[in-house]
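Values below: all heavy atoms of this structure, side chains included; hydrogens, waters and symmetry mates excluded. A note on names: the letters A, B, ... follow the listed sequences, proteins ahead of strands, and every chain is numbered from 1.
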Protein chains: 2
Amino acid sequence: MAGTKSRRRGEQLEHAILDAAWEELREVGYARLTVEAVAARAGTSKPVIYRRWAGRAELVIAAWQHRAPTEHRTPDTGALRSDLLVLFTTIARRADAMMNEVVAGVMSEAFRHPEVAALLRERLVADSPLAGTVRRIVDRAVERGELLPVRLPSRVTRLPLDLIRNENVMCGTPPDDDVLASMVDDVYLPLLRGLAAP
Amino acid sequence: MAGTKSRRRGEQLEHAILDAAWEELREVGYARLTVEAVAARAGTSKPVIYRRWAGRAELVIAAWQHRAPTEHRTPDTGALRSDLLVLFTTIARRADAMMNEVVAGVMSEAFRHPEVAALLRERLVADSPLAGTVRRIVDRAVERGELLPVRLPSRVTRLPLDLIRNENVMCGTPPDDDVLASMVDDVYLPLLRGLAAP
DNA sequence: TCAGATAAGAAACGCAACGTATCTAAGGGG
DNA sequence: CCCCTTAGATACGTTGCGTTTCTTATCTGA
């Protein structure tokens with residue numbers, strides 16, 4: 001720290017910057033994140049950042065990609081309702097308020113620089129492993145006889161994430177357990193049953 | 001026009017500013033809207049605007065409130081599916097891409113100035129006449145025998161708007177007829193049927 | 001009708017943050 | 001061991017916010 005003048009390069013430096021950006025996001029959020037602060041935190045300077053990313057939005061998306069995992073472990077509790085509750089809870093924990101502030105902020109930037117919009121959408125749709133997870137949960141419920149066999153349109157497999165993101169965005173806080181339960185009991189379970197009926 | 005040096009005041013001036021802000025929104029969007037441009041378009045100056053509203057976000061929300069109507073006419077086509085299609089289409093037409101850019105932009109500002117968040121949420125939840133519309137549509141379907149009697153949680157009555165807003169935000173464009181049809185056929189109708197079944 | 005209060009309009013400012021240009025020097029590759 | 005890439009520092013130009021100051025038109029009320 002004091003005397004370490006070793007100059008980082010390449011990947012090592014890049015990771016340091018992305019980590020710094022992530023920390024900065026967590027502490028002050030997207031709206032207040034400045035490139036200078038990220039540079040300072042990473043112990044480097046603005047030009048180094050601008051040589052790698054075209055702007056603030058790109059940097060933030062990269063940091064996000066660098067940090068946020070996209071895998072789900074498929075819950076297996078032995079019952080459809082509790083599987084869904086675990087799934088919704090997992091998504092909600094990960095898609096916390098900060099992430100939604102990032103989405104909102106990047107989104108508003110996306111209109112100024114259309115190429116950012118593509119990046120963002122790509123990142124958001126990248127969560128499509130969700131579809132497989134939902135299908136596995138439903139398949140097991142069908143095997144147990146909890147549900148009639150059912151075809152799942154992609155709009156339905158995407159719905160958990162859409163509901164949670166929407167709630168996050170509108171309330172500014174991650175949905176609590178009651179809200180998650182209402183998503184499952186008022187919307188998702190009835191929907192699955194309705195899809196199963198002719 | 002050329003020589004009219006008459007100085008406007010009070011309501012007349014306020015309306016001129018809000019109209020100018022609205023036009024500016026339509027032409028350049030939220031991200032590129034500047035208070036100076038609004039002032040110029042309204043033929044006035046920045047201080048006049050800042051004497052009335054605390055900032056850009058407040059101004060935009062006021063302009064929006066000044067312009068956007070919130071009433072729905074309940075569709076009555078004689079069948080549940082077509083009623084829903086009309087409803088979804090109406091909402092989608094009104095909640096066009098611009099409006100969503102505004103939501104996104106204001107949202108990102110809302111994190112910097114928390115009092116803005118309240119304004120925004122208020123404005124978005126103000127769309128709750130939707131709940132009544134949905135209930136009327138469903139009641140009529142029940143009367144016709146298309147559906148078993150059903151209790152509608154508020155999460156369900158809000159769902160059309162949530163689905164459409166989400167689509168708008170993710171795609172950047174208003175959902176086309178196919179997408180709207182898939183919302184009705186893949187999600188909303190099955191959901192209603194599922195709610196009706198025990 | 002006229003005087004004073006009120007608020008519009010204009011110009012300029014300070015500030016913050018973006019994104020860039022210029023320079024020095026570190027350290028890896030030939 | 002020299003050179004060439006590029007990290008790191010500094011300073012700059014720009015944009016747009018929100019504010020300040022000042023002048024002057026218009027409204028109000030005695």
Quiz item: When you match R8(B) and L33(B) each to their closest nucleotide on DNA chain D, which lands nearer the 5' end?
Solution: L33(B)
Practice problem: Using heavy atoms to find the nearest nucleotide of DNA chain D for R51(B) and G55(B) separately, return the residue whose nucleotide is more 5′. | Solution: G55(B)
Quiz prompt | Closest listed nucleotide, where the reference is the side chain of K46(B) and the choices are dA25(D), dT22(C), dC17(D) | solution = dC17(D)
Self-check item: Atom-to-atom span, CG of L13(A) to C1' of dG8(D) - whole angstrom
Solution: 10 Å
Exercise. Whole angstrom is fine here: how far is it from CD in Q12(B) over to C1' in dA7(C)?
Key: 14 Å
Quiz item: Quick one: is dG18(D) close enough that its OP1 or OP2 comes under 4.0 Å of any side-chain N or O from R52(B)?
Solution: no
Quiz item: Nearest-Å distance, CD1 (I49(B)) to P (dA7(C))?
Solution: 17 Å
Quiz item: Phosphate oxygens OP1/OP2 of dG9(C): is one of them under 4.0 Å from a side-chain N or O of T44(B)?
Solution: yes
Quiz item: Can you say whether the rings of Y188(A) and F88(A) are parallel (under 30°), tilted (30 to 60°) or perpendicular (over 60°)?
Solution: perpendicular
Quiz prompt | Among dA10(C), dC18(C), dA8(C), the nucleotide that comes nearest once only the side chain of R9(B) is considered | solution = dA8(C)
Exercise. Inspect the contact between R136(B) and D139(B) and indicate whether a charged nitrogen and a carboxylate oxygen are less than 4.0 angstrom apart.
Key: no
Self-check item: Sub-4.5 Å side-chain heavy-atom contact between D19(B) and R41(B)
Solution: no
Quiz item: For S45(A) and dA9(D), is the shortest distance between a side-chain N/O and OP1 or OP2 below 4.0 Å?
Solution: no
Practice problem: Give V48(A) one of three labels, base, sugar-phosphate or nothing, depending on what nucleic acid heavy atoms sit under 4.0 Å from its own. | Solution: base
Quiz prompt | Earlier contact from the 5' end, DNA chain C, for P47(A) and T34(A) | solution = T34(A)
Practice problem: Compare side-chain N and O positions of R56(A) against OP1 and OP2 of dG19(C) and report whether any pair is under 4.0 Å apart. | Solution: no
Self-check item: Which nucleotide in dA8(C), dA10(C), dC17(D) has an atom nearest any side-chain atom of V35(B)
Solution: dC17(D)
Quiz item: From the list dG16(D), dT21(D), dT20(C), which nucleotide is the closest neighbour of the side chain of E36(B)?
Solution: dG16(D)
Quiz item: Below 4.5 Å, heavy atoms only, C-beta onward: do R193(A) and L147(A) meet side chain to side chain?
Solution: yes
Exercise. May I ask you to test the L159(A)-L163(B) pair for a side-chain heavy-atom distance under 4.5 Å?
Key: yes
Quiz item: For dG19(C), does either OP1 or OP2 sit under 4.0 Å from a side-chain N or O belonging to Y50(A)?
Solution: yes
